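Sending over a structure as structure tokens; questions will come in a sec.
Since the structure is predicted, the reported quantities are computational estimates derived from the model, not experimental observations. Counting starts at 1 for both ligands and their atoms, following the listed order.
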Amino acid sequence: MRTPIIAGNWKMHKTTLEAKALAAGIVEKVKEAKEAQIVLCPPFTALGAVAEAIKGSNVELGAQNCHYEDKGAFTGEIAISFLSDAGCKYVIIGHSERRQYFNEDDALINKKMKKVLSSGLIPIFCIGETLLERQKKQTFDVLKRQVLHGLQEISLSDPLKLVVAYEPVWAIGTGVTATKEQAQEAHRYIRDLLAGLWGSQTAEQVRIQYGGSVKPDNIAELMAQDDIDGALVGGASLEIDSFARIIKF
Ligand code: PGA
């Protein structure tokens with residue numbers, strides 16, 4: 001049995017004060033929730049405020065990106081140790097917006113994955129095809145490339161130390177969700193790829209989240225699928241009520 005994990009990716013939203021209020025409101029609403037592990041991923045500047053607001057609760061902290069070097073002359077970058085220092089347990093790696101707008105490729109993402117896994121933080125490793133790739137029937141090829149290159153030379157000793165997020169790019173922020181059948185098919189395929197890397201016993205324990213226009217009214221049918229183990233939520237995680245309703249799917 002895999003414990004579902006639902007994470008809110010706040011992207012470039014929320015000042016410190018706004019983040020504090022949002023986190024505190026979520027903590028209050030979900031304190032009895034037993035359905036899933038809960039993670040908030042605010043912007044770097046709000047990590048401290050959110051860490052404070054979730055202290056002692058069932059909500060955990062994550063970041064949205066990191067650099068693969070320990071320290072040095074990398075203006076504007078954030079080291080993994082800074083994230084641990086701020087109280088993070090998770091970090092999103094390879095989000096499609098990083099791939100699309102900041103030229104992150106599979107090789108760079110692989111460097112980050114190796115570093116994060118060796119640091120003890122849990123990466124939320126994002127993969128997914130664009131609309132054009134889906135239309136050209138390249139979805140499986142793209143997922144295979146992203147998984148095999150992004151996870152190259154990684155041996156996973158503990159399946160709970162990795163979370164994968166399947167986020168079809170055409171479903172992110174568009175209001176168009178993948179159908180439950182499309183999502184389940186992709187998740188099964190990804191799990192089979194993980195089994196090829198580390199064996200089926202390990203692959204069966206890795207949590208695979210779905211992301212892309214997840215809302216309170218579509219979470220239940222997604223979560224009912226065999227291989228969907230949670231969600232990575234953007235827009236709907238920016239409001240207390242909608243995120244709390246998603247968590248209590
Ligand atoms: P969305 O974003 O829920 O707003 O579609 C999901 C994500 O990008 O992680």
Donor-acceptor pair, distance only, cut-off 3.5 Å: does the side chain of Arg191 make one with the backbone of Ala203? yes
Please find the pair of heavy atoms, one from Leu193 and one from Lys144, that lie closest to each other, and give the distance.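 That closest heavy-atom pairing would be CD1-CA, 3.7 Å.
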How close do Ile109 and Gly94 get, counting heavy atoms only, and between which atoms? CD1-CA, 3.7 Å
Under the ring-ring contact (aromatic ring centres under 6.0 Å, His included) test, residues paired with Tyr68 that sit two or more places apart: none
Within the 4.0 Å heavy-atom sphere of ligand 1, strictly under, residues: Asn9, Lys11, His95, Glu167, Ala171, Ile172, Gly173, Gly212, Ser213, Leu232, Val233, Gly234, Gly235
Going by an N to O cut-off under 4.0 Å, is there a salt bridge joining Asp106 and Arg99? yes
Kindly assign one of parallel, tilted or perpendicular to the pair Tyr166 and His187, based on the angle between their ring planes and the thresholds 30° and 60°.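 Tyr166 vs His187 ring planes: perpendicular.
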